[in-house]
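Indexing begins at 1, ligand by ligand and atom by atom, following the structure's order.
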Amino acid sequence: MKWEENVRKVVPYVPGEQPNRPDMVKLNTNECPYPPAPGVEKVMREFDYSKLRLYPDTQATALAEALAEYYGVKKEQVFVGVGSDDVLAMSFLTFFNSDRPILFPDITYSFYDVWAELFKIPYKTIPLSEDFRIVPEDYKVENGGVIFPNPNAPTGILESLDHIEEIIKANQDVVVIVDEAYIDFGGESALPLLEKYENVLVVQTFSKSRAMAGSRIGFAIGNEKLISYLNDAKFSFNSYTMDSLTIQLGAAAVKDDEYFKEITGKVVKTREWTKEELKKLGFSFEDSKSNFIFATHKERKAEDIFNYLKSKDIFVRYFKKPRIDNYLRISIGTDKEMEILIRELTAYLKGAEND
Ligand code: PMP
């Protein structure tokens with residue numbers, strides 16, 4: 001068909017499935033197994049629905065101010081969006097506008113190449129080392145920008161701040177984006193580096209550590225100038241991104257630091273227990289500092305384990321991609337959910353011995 005010739009064609013990102021079965025154990029999209037902070041429920045109950053008649057605050061001031069206070073930066077250094085996917089997409093559009101390729105790891109968040117294709121940004125993937133580490137030396141080549149998650153996804157591996165700084169130091173003529181979707185589970189944020197480098201953007205999300213994936217809140221913190229460029233792009237695209245209820249819910253979540261520490265602490269504790277149990281079952285993995293474990297089994301194929309677990313209504317994530325097609329990404333749920341997982345894995349591996 002002639003009209004199809006000029007259609008913008010993209011191969012879209014495929015999110016983890018969102019099944020909704022009564023007793024399922026859902027460990028496939030790195031959500032938080034606990035509810036959001038109690039203050040979030042209060043705001044929801046007390047929200048005056050008649051306000052929905054009005055457009056929301058385009059700057060999401062209440063949320064931006066709460067974040068600025070929490071992270072000790074100016075409100076003008078904060079940009080919020082509908083999940084960090086929205087913030088990252090806007091950042092690709094704004095900052096990656098060079099003829100030179102942007103750089104990101106070969107094994108990483110699988111949305112990066114989708115945005116690059118969508119916006120026609122040239123890109124080059126940099127292979128992780130054999131043991132899945134980001135090698136700073138490899139990022140010392142000419143480029144139009146750099147982006148990587150820390151901890152990386154789906155490996156869960158955290159790089160030290162020294163490593164991150166080495167990459168930033170070598171790339172001060174382009175924007176470097178550090179995607180910290182999983183930083184709150186034991187990582188050290190690159191936020192302090194903002195004082196030294198004006199070309200760094202740190203992106204985080206409420207979807208994991210703040211238990212609000214359903215609300216879609218993400219944010220970026222950076223130099224005021226970077227943020228003002230981001231706002232220019234946003235206001236040229238869709239000025240009313242975040243709805244008025246979500247702005248208030250997000251602000252309430254940020255204000256309850258005690259609850260935030262409690263739930264992230266619980267996830268970390270459960271993660272460490274799960275690591276021990278998986279090891280006993282013959283799984284191996286690099287050390288994870290995120291809310292998931294990226295594991296491979298010495299004898300059984302990841303895809304077979306994935307299918308078996310699915311038949312038991314336990315959902316984990318499997319990526320059929322080069323280098324990682326024998327790994328499972330297992331999100332950390334409640335203690336009870338992880339016990340069910342371990343029980344089913346034990347049964348499967350025992351049964352497997354006999355076949
Ligand atoms: N970055 C990374 C590395 C992720 O794994 C995810 C989760 N899919 C995101 C960003 C986006 O998260 P959200 O849009 O829910 O904030």
I want to know whether Y109 and Y112 have ring centres closer than 6.0 Å. yes
Does a side-chain N-to-carboxylate-O contact under 4.0 Å join K140 and E166? yes
Between E286 and R133, is there a salt bridge with N-O shorter than 4.0 Å? no
Protein contact to atom 4 (C) of ligand 1 [nearest heavy atom, distance to 0.1 Å]: Y182 OH, 3.6 Å
Can you report which non-hydrogen protein atom sits closest to atom 8 (N) of ligand 1, along with the distance? Y109 OH, 3.1 Å
Ligand-side contact atoms (ligand 1) for residue partner K208, heavy atom cut-off under 4.0 Å: 7 (C), 8 (N)
Atom indices of ligand 1, in the order listed, that fall short of 4.0 Å to a heavy atom of G83: 14 (O), 16 (O)
Give yes or no for whether the N/O distance cutoff of 3.5 Å, strictly under, is met between S207 and ligand 1. yes
So which protein heavy atom does atom 11 (C) of ligand 1 come closest to, and at what separation? D85 OD1, 3.1 Å
What protein heavy atom sits nearest atom 12 (O) of ligand 1, and how far away is it? S84 OG, 3.2 Å
Would you call K320 and E303 a salt bridge, taking side-chain N to carboxylate O under 4.0 Å as the test? yes
Strictly under 6.0 Å, is that where the ring centroids of F285 and F132 end up? no
Quick test: of every protein heavy atom, which one is nearest to atom 1 (N) of ligand 1, and how far off is it to 0.1 Å? D179 OD2, 2.7 Å
Which word best sums up how the rings of F206 and F219 line up, parallel for under 30°, tilted for 30 to 60°, or perpendicular for over 60°? perpendicular
If you count the atoms of ligand 1 from 1 in the order shown, which ones are under 4.0 Å from a heavy atom of R216? 13 (P), 14 (O), 15 (O)
When the ring planes of F111 and Y13 are compared, do they come out parallel, tilted or perpendicular, using 30° and 60° as the limits? parallel
